Amino acid sequence: MPTHSIVVAPSILACDFGRLHEEVRRAEAAGADWLHLDIMDGHFVDNISFGPAFVDSVAKVATVPIDVHLMVEHPDHYFPRFVKSAANITVHVEAHHDVRQTLAAIRATGRTCGLSLRPATSFDAVVPYLDQIDVLLVMTVVPGFGGQPFMPEMMAKVQAGREAREARGLQYRIEVDGGINDQTAALSIEQGADTLVAGTSVFGAPDMAEAVRKVRGA
Ligand code: DX5
Ligand code: ZN
């Protein structure tokens, strides 16, 4: 029995930035539960995406929660700039910060907090923080770019996340991000994921509503 309802979070990274507000409305009309926004600083990952002003522009028209994924070296320094528009802020365990302190600081703003790990990072790295998070974000590609193939080996971490949640009586969501389409979403849900980030497969689909429905497994 899944403890959480399924959430589908289209990743804005895959939309047409030149028509940002229309793309946000299109995603919501297609059934998006959240919108996922990837912040890349050119240091933590080998890419630069967009910053707080862009997220605020999305928030101007969005009616669903905004899920900010910080792929930055110094999340404790940057996260306050996203508080205004975000519902959830996720940071990486590998970044340069005191993880416990950053998570507590995010929660102190009234937002929920997430913790993510790269494919190369073992599940053990997040274990000390599980009682402090609202979302565990398991990367299913190397972070930095949309459109990469899903790594099925990461399902072991989804399973470990589910087992730890059960064993410790915790409530965090388990989110997967990277290469999610109808098939990889089904596999992830089977292993315990409840929150699916999908960029290319939904924004690139001829019928976005159908694509979102399929990712949801409906
Ligand atoms: C990758 C980002 C993802 C990305 C997913 O670094 O964290 O959120 O937008 O894109 P797709 O669904 O195209 O793999
Ligand atoms: Zn992401």
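Whatever order the structure lists them in is the order used to number ligands and atoms, beginning at 1. Note that the coordinates shown come from a computational prediction; the quantities given were computed from them, not determined experimentally.
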Look at [atom] and say which protein heavy atom is nearest, naming residue and atom and giving the distance to 0.1 Å.
| atom | result |
| --- | --- |
| atom 10 (O) of ligand 1 | Gly146 CA, 3.5 Å |
| atom 1 (C) of ligand 1 | Phe145 O, 3.6 Å |
| atom 12 (O) of ligand 1 | Gly199 N, 2.7 Å |
| atom 14 (O) of ligand 1 | Gly179 N, 2.8 Å |
| atom 3 (C) of ligand 1 | Asp177 OD1, 2.9 Å |

Please identify which atoms of ligand 1 are closer than 4.0 Å to at least one heavy atom of [X].
| X | value |
| --- | --- |
| His69 | 7 (O) |
| Gly147 | 11 (P), 13 (O), 14 (O) |
| Met139 | 7 (O) |
| Ala198 | 12 (O) |
| Met71 | 6 (O), 7 (O) |
| Gly144 | 1 (C), 6 (O) |
| Pro143 | 6 (O) |
| Thr200 | 11 (P), 12 (O), 13 (O) |

- prompt: When the ring centroid of His74 is compared with that of His97, is the distance short of 6.0 Å?
  reply: no
task: Drop me the distance from His43's NE2 to His96's NE2, to the nearest 0.5 angstrom.
output: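 If we round to the nearest 0.5 Å, His43:NE2 and His96:NE2 are 11.5 Å apart.
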query: Could you give the distance from CD1 (Ile133) to CZ (Arg173), rounded to the nearest 0.5 Å?
result: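 Ile133 atom CD1 to Arg173 atom CZ measures 12.5 Å (nearest 0.5 Å).
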Identity of the N, O or S atom of Asp38 lying closest to the Zn ion (ligand 2): OD1
task: State the atom name: nearest N, O or S atom of Asp177 to the Zn ion (ligand 2).
output: OD2
Heavy-atom distance under 4.5 Å between the side chains of [X] and [Y], does that happen here?
| X | Y | result |
| --- | --- | --- |
| Asp56 | Lys84 | yes |
| Asp41 | Glu73 | yes |
| Phe44 | Ile39 | no |
| His69 | His36 | yes |
| Arg216 | Leu196 | no |

task: Quick one: the NE2 of His36, the Zn ion (ligand 2), ND1 of His69 angle, rounded to 10°, please.
output: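 My answer is 100°, to the nearest 10°.
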Minimum heavy-atom distance Gly199-Ala14, with the two atoms named: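 Reported closest heavy-atom pair: C-CB, 3.4 Å.
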- request: Mind checking whether Asp38 contacts ligand 1 via backbone (N, CA, C, O), side chain (CB onward), both or neither, at a 4.0 Å heavy-atom cut-off?
  value: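 Only the side chain of Asp38 comes within reach of ligand 1.
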Ligand 1 versus Ser11: contacting region, heavy-atom distance under 4.0 Å: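 The answer is the side chain of Ser11.
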field: Working for side chain to side chain contact (heavy atoms under 4.5 Å, CB included), residues Tyr172 and Val135
entry: CA-CA 5 Å; Tyr172 53 80; Val135 178; 5.9 Å; no
message: With side-chain contact (heavy atoms from CB on, under 4.5 Å) as the test, pick out the partner of Val91 among Leu70, Val68, Val72, Leu137.
response: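 For Val91, the side-chain contact (heavy atoms from CB on, under 4.5 Å) check succeeds only for Leu70.
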query: Strictly under 4.0 Å, does any heavy atom of Ala14 approach an atom of ligand 1?
result: no
Test: Arg26 and Glu23 ion pair at under 4.0 Å: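 Looking at Arg26 and Glu23, the cut-off is met.
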